[in-house]
Amino acid sequence: MFFTIRPYERKIFELIRDTAQELEYPVYAVGGYVRDRLLGRDSKDLDIVCVGNGIKLAQQLATKLRPIPRLVVYKRFGTAMIRHNGLEIEFVGARKESYRSDSRKPSVEEGTLEDDQNRRDFTINALAVSLNIENYGEIIDPFGGLYHLETKTIKTPLDPGRTFSDDPLRMLRAIRFANQLDFIIEPNTYEALSVFKNRMDIISMERITGEMMKIMATPKPSIGFKLLFDTGILNTFFPELVRLQGVEVRDGIGHKDNFYHTLEVLDNVCAVSDNIWLRWAALLHDIAKPPTKRFNQKSGWTFHGHEALGGIMVPKIFKRLKLPLDHKMKYVQKLVRLHLRPISLTKENITDSAIRRLLFDAGEDLEDLMTLCKADITSKNYEKKQRYIRNFELVHQKLEELEEKDRIRNWQPPITGEIIMNTFKIPPGRAVGVLKTAIREAILDGVIPNNYDEAFAFLVKKAAEMGYEV
Ligand code: ATP
């Protein structure tokens, strides 16, 4: 079968062909680019393999391109990269790999195209397109990759156990591709995932998280997480998530399975938002349910304080997973901490002060918090679900009305610490904090209106009670 070369590819492919011919190197396009193009997906990363010196091929090609591109050479890997017309083209000599048991980094020697295809992770990633004059455009498919593209199957080219044991990152890649492309994992390949799961211990956390991020970016990450769970791989790097799974029954009373609930919430968020950190908040929103689970004769199962403990767990999990510990973590932490607030408002009287407090605490992340909360309504009971959604809409509407009136979001109380210190001639210290908090609380509770004069009058009164005079 032949690869349909698109007009925008023609010129660069022909230049690669001619340059490789001058050097007498057989040359091929391989890997993800070929796979994605055959799937009708756009790809910007083109991998070129030659039987020869990849860096030399890139250098010689670069002199023929206009404008002459900058060549980035990675000597240690024997590769070179050129950016041209929106493509990132990487050149490498065909190689043969052999592995040791304690590392996923192989020792490498020069090899043939066949060696190079053998070292690839999946049949669909082992397809090569010849760029040689005698069979230009022909697809070289030694492992049935074309058939597997058609049947939407992930399968390793060689023995799956060997493939996964050599480089266990491939196990995560199998699951990620299955999720991303909506493919199934062929039974023997799938079986090997469970058998070799403990090989995960030689992979760095950064690599694991890199794949997890790609799973999180798919439209339905629950598919990937279920595969990770069912194969036992999830437990090797994310035991807190695994602990969410299961239903305990006492006195005939059960609770929902928090793992599958979490995945449903995650998918719900993904259906309405591409914000990766909001997705992480969904994944972690109930993470502290297992350690806070209690059984009570009267009220059944409770998870009191799971939102607060969840907030405490977020930085620890981010640190272990090598996720950023900056404002993104703080954002996830905040959403986890607040995720019950809008719903709990529906149960009590929705007072203005409760709404004001929520506006203040959520600030600029209010919309995202509401998205998470709505996604969290997963009851199987239709009536109950409709009731929750109606209540939720009511809270939403109230939030908007009150924000319109009071402008509490991104709000700073009208009296600063500096004003307090100057007014009473006091140094920085506890008393300043107490007075500041008292003013903020009084405004949020609606005891005084949100303006300078009333707040100042309140301050003077409060300070007098504490023994400070103007
Ligand atoms: P994506 O860009 O979505 O990560 P990709 O398949 O293009 O997908 P790359 O990491 O760019 O992934 O790898 C390019 C090619 O290199 C793959 O298609 C595959 O043939 C090969 N490859 C990458 N990683 C591995 C691995 N760990 N083991 C074997 N082959 C691999």
Side-chain angles (χ1 to χ4, degrees), residues 3 28-50 54 72 74 77-81 83 86-100 103-108 111 113-129 139-146 148-149 153-183 185 189 192-193 196 199-200 202-204 206-219 221 224 233:
F3 188 81
Y28 308 87
V30 294
Y33 187 86
V34 177
R35 175 200 69 219
D36 283 345
R37 278 276 282 93
L38 290 168
L39 284 172
R41 289 158 49 105
D42 271 340
S43 183
K44 301 269 167 245
D45 298 324
L46 170 60
D47 288 331
I48 299 291
V49 165
C50 65
V72 186
Y74 306 96
F77 301 104
T79 64
M81 195 269 288
R83 281 202 189 86
L87 280 180
E88 200 164 281
I89 315 173
E90 190 155 328
F91 298 83
V92 65
R95 53 179 65 183
K96 191 174 174 174
E97 291 179 344
S98 37
Y99 286 84
R100 291 201 338 250
S103 165
R104 60 173 292 267
K105 298 202 177 70
S107 53
V108 175
L113 172 69
E114 196 185 335
D115 292 327
D116 205 278
Q117 286 176 299
N118 282 342
R119 76 179 179 88
R120 308 245 158 205
D121 49 3
F122 305 111
T123 60
I124 58 167
N125 286 345
L127 292 161
V129 173
I139 299 175
I140 302 161
D141 175 20
F143 306 111
L146 286 170
H148 294 139
L149 279 181
T153 307
I154 304 290
K155 183 177 186 303
T156 56
L158 307 176
D159 168 52
R162 177 73 195 280
T163 305
F164 292 151
S165 179
D166 278 351
D167 176 3
L169 186 69
R170 294 167 180 163
M171 301 199 278
L172 293 183
R173 284 172 58 90
I175 289 174
R176 186 256 291 187
F177 282 123
N179 193 166
Q180 228 173 20
L181 305 175
D182 199 15
F183 276 33
I185 302 175
T189 305
L193 291 173
F196 289 89
R199 293 289 290 151
M200 288 288 296
I202 65 162
I203 312 185
S204 71
E206 287 84 348
R207 287 292 189 156
I208 294 175
T209 298
E211 289 300 322
M212 216 179 1
M213 283 301 239
K214 290 185 181 176
I215 289 174
M216 289 292 270
T218 65
I233 292 175

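Sequential numbering from 1 along the given sequence is applied to the chain's residues. Order of listing sets the numbers, starting from 1, for every ligand and every atom in it.
The shortest N or O to N or O distance between R120 and ligand 1 is under 3.5 Å. In terms of N/O distances under 3.5 Å, ligand 1 is not approached by D45. Polar contact with ligand 1: absent for D47 (N/O pair, distance under 3.5 Å).
Close approach of ligand 1 to K214 (heavy-atom distance below 4.0 Å) involves ligand atoms 4 (O). Below 4.0 Å from some heavy atom of G32 lie the following atoms of ligand 1, by number and element: 6 (O), 7 (O), 18 (O). Proximity to R119 (heavy-atom distance under 4.0 Å) selects the following atoms of ligand 1: 29 (C), 30 (N). Against a heavy-atom cut-off of under 4.0 Å, D167 is close to the following atoms of ligand 1: 26 (C), 27 (N), 28 (N). Ligand 1 places these atoms under 4.0 Å from at least one heavy atom of F177: 6 (O), 8 (O).
F122 does not count as a contact of ligand 1, since none of its heavy atoms falls under 4.0 Å from the ligand.
A salt bridge is defined here as a Lys NZ or Arg NE, NH1 or NH2 lying under 4.0 Å from an Asp or Glu carboxylate O, and R119 with D115 fails to meet this definition.
Counting only heavy atoms of the protein, atom 1 (P) of ligand 1 lies nearest to R176 NH1, 3.6 Å. Distance from atom 8 (O) of ligand 1 to its nearest protein heavy atom, with residue and atom name: R35 NH2, 3.5 Å. The nearest protein atom to atom 17 (C) of ligand 1, hydrogens excluded, is given as R173 NH2, 3.6 Å; this is a heavy-atom distance.
Residues passing the side-chain hydrogen bond (donor to acceptor under 3.5 Å, both in side chains) test with R207: none are found, sequence neighbours excluded. Every side chain to side chain contact (heavy atoms under 4.5 Å, CB included) that D166 has, sequence neighbours left out, goes to Y99, R162, R170.
A 4.5 Å side-chain heavy-atom check between D47 and Y33 finds every atom pair outside the cut-off.
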